[in-house]
Undergrad: 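Next up is a structure, given as structure tokens.
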Amino acid sequence: MTVPSGGPGKPRVRFAPSPTGYLHIGGVRTALFNWLWARKTGGTFVLRIEDTDRERSTDESRQVIFDALTWLGMDWDEGPQVGGNFGPYTQTERLALYREQADKLVAEGKAYRCYATREELDAAREELKKRDPKAEFKYPGWWRDRTDWPEGKKYVIRFKAPQTGVVTYVDKVFGEVTTPNSEQQDFVLLRSDGVPLYNFGAVVDDITMGMTLVARGRDHMVNTPPQILLYEAFGAPLPDFAHLPMMLAPSGKKLSKRDGAVSVTEYKDMGYTPDAVLNYLVRFGWSHGDQEVFSKQQLIDAFSWEACGRGDGKFDTKKFLAISFEHLKSAELTPDDAYVARVTPFLEARGFSKVDVAKVKSALPAVRERARTLIEAADALDFFLRDEPVMDAKAVEKFLVPASVPLLRGLADSIRTSEAWAEADLDAKAHAWLAEKGLLIKDVAQSARVALTGRSASPGLFQVIAILGRETALARLEAAAKIAAART
RNA sequence: GUCCCCAUCGUCUAGUGGCCCAGGACCGCGGCUUUUCACGUCGCUAACGCGGGUUCGACUCCCGCUGGGGACGCCA
């Protein structure tokens, strides 16, 4: 087959997910490492959809993959939607190619037709299991050397795998890996319906698409030797291989739905920003000295396969939250405009139909250091944006009592005529009044806080007043004074 | 069971023979700051799985063990 040149020195890497449901967070990490490498080296990042499992593949989940990668900011240079010179990039649109390549191997005696039915194989598996429950079943090679192919019957094409010798390759992460060929069996290349199996489809595509590096999860490491055998059968040059350690659940088992969120979409919905997701994922099995927090560009600059670890790791929500927090706190990592844009959908979800961008921006300094996610940010923003704060019953009960009426009105009066309305000015005015009355700030703070925010915990009092503005702040203090006065 | 892979604080990790009685981050716990909640800041708890080698010297190299993971499909 024609082997396209990867171009001198320019890597061609790919992400090849199956559209069978959501996009798994582990898959995102695989995509990320590939994407980082392409962006760092000026190479090409290819997206290929491996939808040969027709039982489970759906158009919806295909779309989910596109949406998720787009949301994460991982753009692909070739693939569905954007095209490219080696398409189509969806495996079910390449069936003729697989058929052709499989037939070629058969013609060359490197593969053969196998007419064994699924029932016969299942029976053989059963029988072996009965004899030795722990034994590994391998296809016994019934049709390996036969040419008396029955007319009109269904058959699969199997690879004539070598039985002796070894496959050795140098993994970019794990180093030299050697597997004896005695482990291999005559695995199926093409199903009876003409659809290729994973190892065959992937290799044909990786060859014809000119991939120079195949990076994927360690769960695929066992596929590499048989794939290399296929490259050799085709006489195609070998790409580099890199396997990434696995991301496991806290239990140490494979990360699955029962361990909580595993789909990127869920993290989006929980209020994580794309860069925070990438930052957390990349630090998993990769490190750059003591640095924990990275912008996307820093990631691109710093990334290397050599810095990848080899041990599997366990997913940690607490650490993920901490990384998210770092990104939300930093105006460098999440500039105001980006913050506003990201948090807006979450505000809308709380019922704000028209979000006052200027208001949100002015409140950001107060919000940044106490919101770990955009959901928390939306909550922290809530009382700044409402006409009237939602009053917490317990807070009202405790702090808006008759005795607080003169304090609330006194505080209001102390700042009412202030020319300047910045935090420091307000603080000075109020403290002058407190000193005159022989009061301490703590005597009025909680009542005022509840009056202004409806809550007993909030950003600094004068910061809140400054952000709310004169009219709103004074109105809230007076409204609260009335509530307090009405209590007995 | 067979093959492959892995092994530093609870978690993510630094460490490529002496700089390490092991560093950073998260978590947890204290102190400071403080009008609340946070931020910040200071500090504490906490690890080289075990046993053999090699070496003047091993977290670092080798072997074994143990433990963990992956795979063994007409799934990917």
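Only a predicted model underlies this, so the values are computations on that prediction, with no experimental measurement involved. Note on naming: letters A, B, ... go to the chains in the order of the sequence lines (proteins, then strands), and numbering restarts at 1 for each one.
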Undergrad: With the side chain of A/I441 defined as its heavy atoms from C-beta on, choose the nearest nucleotide among B/rU35, B/rC4, B/rA76.
TA: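 Nearest to the side-chain atoms of A/I441, counting from C-beta on, is B/rU35.
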Undergrad: Do A/K319 and A/E292 sit within salt-bridge range, that is, some charged N less than 4.0 Å from a carboxylate O?
TA: yes
Undergrad: Please verify the inter-ring angle class for A/Y272 with A/Y267; under 30° counts as parallel, over 60° as perpendicular, anything in between as tilted.
TA: perpendicular
Undergrad: Consider the side chain of A/Y198, meaning its heavy atoms from C-beta on, and name the nucleotide among B/rU13, B/rA76, B/rC37 that approaches it most closely.
TA: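 Looking only at side-chain atoms, A/Y198 lies closest to B/rA76.
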Undergrad: Select base, sugar-phosphate, or nothing to describe what A/H243 touches, counting heavy atoms under 4.0 Å on all strands.
TA: nothing
Undergrad: In whole angstrom, give the distance that lies between atom OH of A/Y280 and atom P of B/rU11.
TA: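 Value for this atom pair: 12 Å.
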Undergrad: Rounding to an integer number of angstrom, what distance separates B/rC19 and B/rC59 when you compare their C1' atoms?
TA: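 My reading of the C1' atoms in B/rC19 and B/rC59 gives 14 Å.
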Undergrad: For A/R158 and B/rC74, is the shortest distance between a side-chain N/O and OP1 or OP2 below 4.0 Å?
TA: yes
Undergrad: Determine the Euclidean distance between corresponding C1' atoms of B/rG10 and B/rG18; express it in Å to zero decimal places.
TA: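 Those two atoms are separated by 31 Å.
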Undergrad: What is the nucleic acid contact for A/S182, judged by heavy atoms within less than 4.0 Å: base, sugar-phosphate only, or nothing?
TA: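 Touches nothing.
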Undergrad: Among the candidates B/rG69, B/rU13, B/rC74, find the nucleotide nearest to the side-chain atoms of A/R283.
TA: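 Nearest listed nucleotide: B/rU13.
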Undergrad: Heavy atoms only, 4.0 Å cut-off, all strands: where does A/N223 land among base, sugar-phosphate and nothing?
TA: base
Undergrad: Think A/K253 has a side-chain N or O under 4.0 angstrom from the OP1 or OP2 of B/rG69?
TA: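 Checking A/K253 against B/rG69: at least one side-chain N or O falls below 4.0 Å of OP1 or OP2.
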Undergrad: Below 4.0 angstrom, N of the basic side chain to O of the carboxylate: do A/D259 and A/K254 qualify?
TA: no
Undergrad: Base, sugar-phosphate, or nothing: which does A/P17 touch, judged by heavy atoms less than 4.0 Å apart?
TA: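 No contact.
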Undergrad: Using the C1' atom as the reference point in each nucleotide, state the distance between B/rU60 and B/rG28 in Å, no decimals.
TA: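 These two C1' atoms come out 30 Å apart once rounded.
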Undergrad: Taking atom types as they are modelled, is there a donor-acceptor pair under 3.5 Å from the base of B/rG24 to the side chain of A/E292?
TA: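 Indeed there is one.
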Undergrad: Answer with yes or no whether A/D290 presents, from its side chain, a donor or acceptor under 3.5 Å of a partner atom in the base of B/rG23.
TA: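 It does, because a donor-acceptor pair links the side chain of A/D290 to the base of B/rG23 below 3.5 Å.
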Undergrad: Is B/rA46 paired to anything, Watson-Crick or G-U wobble with both distances less than 3.5 Å, and if yes, which nucleotide?
TA: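 B/rA46 is paired with nothing.
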Undergrad: Using the C1' atom as the reference point in each nucleotide, state the distance between B/rC32 and B/rA38 in Å, no decimals.
TA: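 One C1' to the other, the span is 16 Å.
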Undergrad: Check the phosphate of B/rA76 against A/T52, side-chain N and O only, distance under 4.0 Å to OP1 or OP2. Yes or no?
TA: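 Result: yes.
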Undergrad: Measure from CG on A/L278 to C1' on B/rC12 and round the result to the nearest Å.
TA: 17 Å
Undergrad: Any Lys/Arg nitrogen of A/D122 or A/R118 sitting under 4.0 Å from an Asp/Glu carboxylate oxygen of the other?
TA: no
Undergrad: Quantified in whole Å, what is the C1' atom distance between nucleotide B/rU55 and nucleotide B/rC62?
TA: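 Their C1' atoms lie roughly 12 Å apart.
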Undergrad: Starting from the 5' end of RNA chain B, give me the residue, A/L190 or A/K442, whose nearest nucleotide shows up first.
TA: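 By nearest-heavy-atom nucleotide position, the 5'-most residue is A/K442.
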Undergrad: Starting at the 5' end of RNA chain B and moving along, which residue's nearest nucleotide shows up first, A/H431 or A/G311?
TA: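 Its nucleotide being nearer the 5' end, the pick is A/G311.
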Undergrad: Output the rounded distance in Å from CZ (A/R370) to P (B/rU34).
TA: 16 Å
Undergrad: Report the distance from atom CG of A/L244 to atom P of B/rC5, rounded to the nearest whole Å.
TA: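 Rounding to the nearest Å, CG of A/L244 and P of B/rC5 are 17 Å apart.
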Undergrad: Side chain of A/R455, base of B/rU36: donor and acceptor closer than 3.5 Å?
TA: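 A donor-acceptor contact between them is absent.
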Undergrad: Kindly point out which of B/rG69, B/rA25, B/rC6 is positioned nearest to the side chain of A/R310?
TA: B/rC6
Undergrad: Could you work out which one of B/rG69, B/rC26, B/rA76 sits closest to the side chain of A/D316?
TA: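 Of the options given, the side chain of A/D316 lies nearest B/rC26.
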Undergrad: From B/rC37, B/rG1, B/rG70, pick the nucleotide closest to the side chain of A/A457?
TA: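 For the A/A457 side chain, the nearest candidate turns out to be B/rC37.
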Undergrad: Do the side chain of A/S458 and the base of B/rC37 come within less than 3.5 angstrom through a donor-acceptor pair of N or O atoms?
TA: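 When only heavy-atom distances are counted, A/S458 does not reach the base of B/rC37 through any donor-acceptor pair under 3.5 Å.
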Undergrad: For A/R455, is there an ion pair with A/D379 - N to carboxylate O distance below 4.0 angstrom?
TA: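 Salt bridge: yes.
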Undergrad: Between A/K329 and B/rG40, is there a side-chain N or O to OP1/OP2 distance below 4.0 Å?
TA: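 Answer yes for this pair, as a side-chain N or O of A/K329 is under 4.0 Å from OP1 or OP2.
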Undergrad: For A/G460, report the nucleic acid contact type (base, sugar-phosphate, nothing); a contact means any heavy atom under 4.0 Å.
TA: base
Undergrad: With respect to the side chain of A/E183, which nucleotide from B/rA76, B/rC26, B/rU2 is positioned closest?
TA: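 Minimum distance to the A/E183 side chain belongs to B/rU2.
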Undergrad: At 4.0 Å (heavy atoms only), tell me whether A/Y155 reaches a base, stays on the sugar-phosphate, or touches nothing.
TA: nothing
Undergrad: What does A/F462 touch in the nucleic acid at a heavy-atom separation under 4.0 angstrom: a base, only the sugar-phosphate, or nothing?
TA: base
Undergrad: Mind checking the C1' distance from B/rU13 to B/rG1? Whole angstroms is fine.
TA: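 35 Å, rounded to whole Å.
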Undergrad: Categorize A/S18 for me: base, sugar-phosphate, or nothing, with a 4.0 angstrom heavy-atom threshold over every strand shown.
TA: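 The residue A/S18 makes sugar-phosphate contact but no base contact.
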Undergrad: For B/rC21, is chi within 90° of 0 (syn) or not (anti)?
TA: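 That one's anti.
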Undergrad: Applying a 4.0 Å non-hydrogen cut-off, can you work out what A/V177 is touching in the nucleic acid: base, sugar-phosphate, or nothing?
TA: sugar-phosphate
Undergrad: Which nucleotide in the set B/rU35, B/rA14, B/rG1 lies at the smallest distance from any side-chain heavy atom of A/S287?
TA: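 Nearest to the side-chain atoms of A/S287, counting from C-beta on, is B/rA14.
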Undergrad: Does B/rC12 have OP1 or OP2 under 4.0 Å away from a side-chain N or O of A/R29?
TA: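 A/R29 to B/rC12 OP1/OP2: no side-chain N or O under 4.0 Å.
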Undergrad: Where the side chain of A/A445 is concerned, which of B/rU2, B/rC4, B/rU35 is the nearest nucleotide?
TA: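 For A/A445, the side-chain atoms sit closest to B/rU35.
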Undergrad: Categorize A/L461 for me: base, sugar-phosphate, or nothing, with a 4.0 angstrom heavy-atom threshold over every strand shown.
TA: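 Base contact - A/L461 has a heavy atom under 4.0 Å of at least one base atom.
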Undergrad: Output the rounded distance in Å from CD (A/Q446) to P (B/rU34).
TA: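 Whole-Å distance recorded here is 17 Å.
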Undergrad: Using 30° and 60° as the class boundaries, would you call the ring planes of A/F320 and A/Y280 parallel, tilted or perpendicular?
TA: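 Aromatic pair A/F320/A/Y280 classed parallel.
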Undergrad: Within the structure, does a side-chain N or O atom of A/K314 lie under 4.0 Å from either OP1 or OP2 of B/rU11?
TA: yes
Undergrad: Could you tell me whether A/F303 and A/F33 have their ring centroids closer than 6.0 angstrom?
TA: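 Centroid separation for A/F303 and A/F33: below 6.0 Å.
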Undergrad: At 4.0 Å (heavy atoms only), tell me whether A/K154 reaches a base, stays on the sugar-phosphate, or touches nothing.
TA: nothing
Undergrad: When the P atoms of B/rU36 and B/rC21 are considered, how many whole Å apart are they?
TA: 43 Å
Undergrad: Contact class for A/A116 vs. all strands (heavy atom < 4.0 Å): base, sugar-phosphate, or nothing?
TA: base
Undergrad: With both distances kept under 3.5 Å, what pairs with B/rC3, Watson-Crick or G-U wobble?
TA: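 Paired with B/rC3, as far as the under-3.5 Å criterion goes, is B/rG70.
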Undergrad: B/rC37, B/rU35, B/rC12: which one has an atom nearest the side-chain heavy atoms of A/F284?
TA: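 It is B/rC12.
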Undergrad: Anything under 30° is parallel, anything over 60° is perpendicular, the rest tilted; go ahead and classify A/F241 against A/Y231.
TA: perpendicular
Undergrad: When you compare B/rC26 with B/rC39, how far apart are their P atoms, in angstrom units rounded to a whole number?
TA: 11 Å
Undergrad: Identify whether any heavy atom of A/R125 sits under 4.0 Å from a base atom; if not, whether one sits that close to sugar-phosphate; answer base, sugar-phosphate or nothing.
TA: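 Counting heavy atoms under 4.0 Å across all strands, the contact made by A/R125 is with sugar-phosphate only.
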Undergrad: In this structure, how many angstroms lie between the P atom of B/rC74 and the CG atom of A/L197, rounded?
TA: 7 Å
Undergrad: Calculate the interatomic distance between A/L321 atom CG and B/rA38 atom P; express it in whole Å.
TA: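 Answer to the nearest Å: 15 Å.
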Undergrad: Is any NZ, NE, NH1 or NH2 atom of the basic residue among A/E326 and A/K329 found under 4.0 Å from an Asp or Glu carboxylate oxygen of the other?
TA: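 Here A/E326 pairs with A/K329 in a salt bridge, since their nearest N and O are under 4.0 Å apart.
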Undergrad: Counting only Watson-Crick or G-U wobble pairs whose two distances fall under 3.5 Å, which nucleotide matches B/rU60?
TA: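 Because no pair has both required distances under 3.5 Å, B/rU60 counts as unpaired.
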Undergrad: Ion pair present between A/E376 and A/R370, side-chain N to carboxylate O less than 4.0 angstrom?
TA: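 Salt bridge absent between A/E376 and A/R370.
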